[in-house]
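The first residue of the sequence shown is numbered 1, and numbering continues consecutively from there. Note that the structure is a prediction, hence the values are computed from the model and not measured.
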Amino acid sequence: MLPAKYAPLLFGFILSGLMSLLVSGISTYRAVGFVQGFAGLWTSAWLTAWVVAFPVVLVMAPLARRAVAWLVDSRP
């Protein structure tokens with residue numbers, strides 16, 4: 001188990017991995033269809049996307065939290 005202080009980093013790692021997996025899969029399918037070698041193309045696209053998505057999620061998450069806090073009524 002990891003210490004709790006790593007929770008935001010782990011959350012960003014998992015979220016960016018899952019979202020980039022889904023989006024790259026859809027994009028790859030739309031671009032080439034379900035062709036032979038699709039899994040390899042998808043994996044390549046996913047890893048490239050994840051390398052970009054992970055740091056972006058870490059930077060954008062605090063901004064998204066602030067935007068949500070600003071848009072949501074926190075009164076009881």
Side-chain angles (χ1 to χ4, degrees):
M1 296 294 282
L2 294 171
K5 69 179 182 177
Y6 295 113
L9 189 64
L10 184 58
F11 177 81
F13 184 75
I14 293 170
L15 178 65
S16 64
L18 293 173
M19 290 302 298
S20 60
L21 178 73
L22 178 66
V23 171
S24 65
I26 293 168
S27 297
T28 303
Y29 178 76
R30 300 235 339 134
V32 299
F34 195 68
V35 296
Q36 186 167 353
F38 175 81
L41 291 170
W42 183 6
T43 302
S44 176
W46 173 50
L47 291 174
T48 303
W50 200 359
V51 167
V52 174
F54 180 49
V56 169
V57 164
L58 294 180
V59 170
M60 297 305 290
L63 299 174
R65 281 189 208 100
R66 282 191 214 122
V68 169
W70 184 72
L71 293 168
V72 172
D73 185 8
S74 61
R75 293 177 285 173

Open item on the list: Is there a path of hydrophobic side-chain contacts, each under 4.5 Å between heavy atoms, that joins Val68 and Leu63?
Closed with: no
- [ ] Treating Ile, Leu, Val, Met, Phe, Trp and Tyr as nodes and any side-chain heavy-atom pair under 4.5 angstrom as an edge, say whether Phe34 and Leu41 lie in one connected cluster.
- [x] yes
Task: Same apolar cluster: Val51 and Trp42, side chain cutoff 4.5 Å - done: no
- [ ] Indicate the atoms forming the closest heavy-atom contact of Thr28 with Ala45, along with that distance.
- [x] OG1-CB, 3.7 Å
Task: Nearest non-hydrogen partners of Gly12 and Leu58, listed with the distance - done: CA-CD2, 4.3 Å
Open item on the list: Would you say Phe54 ends up clustered with Val52 if hydrophobic residues are merged whenever their side chains have heavy atoms under 4.5 Å apart, either directly or through other cluster members?
Closed with: no
Task: Residues, nucleotides or ligands: over 12 heavy atoms within 6.0 Å of Phe38 CZ - done: yes
TODO: Please state whether the rings of Trp50 and Trp46 are parallel, tilted or perpendicular, taking 30° and 60° as the class boundaries.
DONE: parallel
TODO: Scan for salt bridge (charged side-chain N to carboxylate O under 4.0 Å, His left out) pairs involving residues 57-73, sequence neighbours excluded, and state none if there are none.
DONE: Asp73-Arg75
- [ ] Compare all side-chain heavy atoms of Phe13 with those of Leu9 and state whether any distance is below 4.5 angstrom.
- [x] no
Task: Side-chain (Ser44) to main-chain (Gly40) donor-acceptor, under 3.5 angstrom - done: no
Open item on the list: Please tell me whether Val57 and Tyr6 are part of a single hydrophobic cluster in this structure, the criterion being side-chain heavy atoms less than 4.5 Å apart.
Closed with: no
